[in-house]
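Please read the structure below before turning to the comments.
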Amino acid sequence: MSKHLVLVGGGHAHMTVMLNLADYTKRGHRVTLISPSSYHYYSGMGPGLLAGIYQPQEVRFHIKKMVEARGAEFKEGEVERIDPQNRILYLADGESVGYDVASFNTGIAVPMKGIISSGDTVIPVKPIANLYNAALSISRMAAVGHLNIIIVGGGPAGVEISANVWRLIRNGHAKANISLVAGGKILSGFPERARRLVIKSLAAKSIYVIEGVRAKSLANQEAILSDGR
């Protein structure tokens, strides 16, 4: 009996499934992939995309082409609600999709709730495609004058983003003050030696590290930190 498999999100966890979709479709099963974009960007190369080391076409998978070539259907959209009793997915545009089996690989989002932002100067790092937009925005503004750039988050991603922003600025022969705001210790879950090496590397690049504080709000091109700064 034919079944309908729906993949929600075209992320890493679904890549092997997408690669082998012909195993399902040749047996008469329907497969649908729902994703907000025809492309999936590989997060590990995201910081390099920001620095200009890679171009977008070098860090992404054409997931629409990938599934359609294997006899599956691609729907561009986002799932907003699930009705598990009736096995129906409701999309943000009002469309509904029935399923027999649904698998979710929608990735993570940057929590912006409670942080007021304005304009296009606050850029979440997810989805990864945002990093390319950030590079274009930073380069455009840097051509006009000196920038103050703040990276919020003291984990591995924040460290990589900080260093690659520095490289973007350096390669563009521009000027910028770069600050990294960490809610706790920078790379708090890593060995102390690794932390020291990273702090030393950031210091050598004149990246100012602020530990133990959080960003309370980002509005009107001003960051208010939890310690009042």
Side-chain angles (χ1 to χ4, degrees), residues 1-112 123-136 153 155-161 163-164 167-168 189-190:
M1 183 178 176
S2 176
K3 300 290 186 181
H4 187 198
L5 167 64
V6 178
L7 304 174
V8 182
H12 304 347
H14 279 164
M15 278 293 164
T16 303
V17 180
M18 286 188 282
L19 185 65
N20 295 291
L21 283 182
D23 293 345
Y24 301 88
T25 56
K26 285 179 179 178
R27 296 175 185 177
H29 300 303
R30 286 178 59 210
V31 182
T32 302
L33 171 66
I34 303 172
S35 178
S37 172
S38 298
Y39 295 96
H40 171 67
Y41 286 75
Y42 173 49
S43 58
M45 296 171 76
L49 181 65
L50 173 61
I53 299 170
Y54 308 118
Q55 292 302 305
Q57 62 270 23
E58 296 177 294
V59 306
R60 67 191 183 190
F61 299 90
H62 198 323
I63 55 175
K64 180 178 187 292
K65 184 178 179 180
M66 190 174 180
V67 299
E68 289 180 344
R70 291 162 175 79
E73 180 184 3
F74 176 84
K75 282 185 179 292
E76 187 169 322
E78 296 184 49
V79 173
E80 199 169 64
R81 187 164 62 89
I82 308 167
D83 178 353
Q85 282 74 34
N86 296 303
R87 297 185 182 179
I88 300 174
L89 304 174
Y90 292 94
L91 277 59
D93 63 3
E95 186 179 358
S96 60
V97 178
Y99 66 88
D100 292 295
V101 177
S103 177
F104 293 82
N105 177 213
T106 54
I108 64 171
V110 178
M112 299 294 286
I123 305 174
V125 298
K126 293 293 181 92
I128 293 297
N130 281 0
L131 294 176
Y132 182 66
N133 297 328
L136 296 178
V159 169
E160 287 191 77
I161 294 297
N164 281 279
R167 177 169 178 155
L168 176 68
F190 283 71

Next on the checklist: Parallel, tilted or perpendicular: which one describes the rings of F61 and H40, with boundaries at 30° and 60°?
Outcome noted: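 F61 and H40: parallel rings.
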Find the distance between [atom1] ([X]) and [atom2] ([Y]) and round it off to the nearest 0.5 Å.
X	Y	atom1	atom2	answer
K64	E76	NZ	CD	8.5 Å
E68	E73	CD	CD	8.5 Å
R27	S2	CZ	OG	12.5 Å
F74	S37	CZ	OG	6.5 Å
K26	R70	NZ	CZ	10.5 Å
I128	N133	CD1	CG	12.0 Å

Item to check | Residues V67, V31; criterion side-chain contact (heavy atoms from CB on, under 4.5 Å); working and verdict | outcome: CA-CA 9 Å; V67 299; V31 182; over 6 Å; no
Next on the checklist: Using side-chain contact (heavy atoms from CB on, under 4.5 Å), reason through S103 and V17 one step at a time and then give a plain yes or no.
Outcome noted: CA-CA 10 Å; S103 177; V17 180; over 6 Å; no
Next on the checklist: Distance alone, cut at 3.5 Å: any donor-acceptor contact between the side chains of R87 and Y99?
Outcome noted: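 No, Y99 and R87 have no side-chain donor paired with an acceptor closer than 3.5 Å.
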Next on the checklist: Ignoring hydrogens, what is the shortest heavy-atom contact between P47 and G44? Give both atom names and the distance.
Outcome noted: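 The pair with the smallest heavy-atom distance is CD-O, 4.0 Å.
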Sub-3.5 Å donor-acceptor pair from the side chain of [X] to the main-chain atoms of [Y], do we have one?
X	Y	value
T25	A72	no
N105	A13	yes
D83	N86	yes
D100	H4	yes
H29	L5	no

Got [X] and [Y] here, is their nearest side-chain heavy-atom distance under 4.5 Å?
X	Y	value
H62	Y39	yes
L50	V125	no
M66	L19	yes

Item to check | Partner residues of E95 under the salt bridge (Lys or Arg N to Asp or Glu O under 4.0 Å) criterion, sequence neighbours left out | outcome: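 With sequence neighbours excluded, E95 shows a salt bridge (Lys or Arg N to Asp or Glu O under 4.0 Å) to K75, given in chain and number order.
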Checklist entry - Taking it one step at a time, do L131 and I161 satisfy side-chain contact (heavy atoms from CB on, under 4.5 Å)? => result CA-CA 9 Å; L131 294 176; I161 294 297; 3.8 Å; yes
Next on the checklist: Under the side-chain contact (heavy atoms from CB on, under 4.5 Å) test against F104, which residue among I34, V8, V6 passes?
Outcome noted: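 Among I34, V8, V6, the one that satisfies the side-chain contact (heavy atoms from CB on, under 4.5 Å) with F104 is V8.
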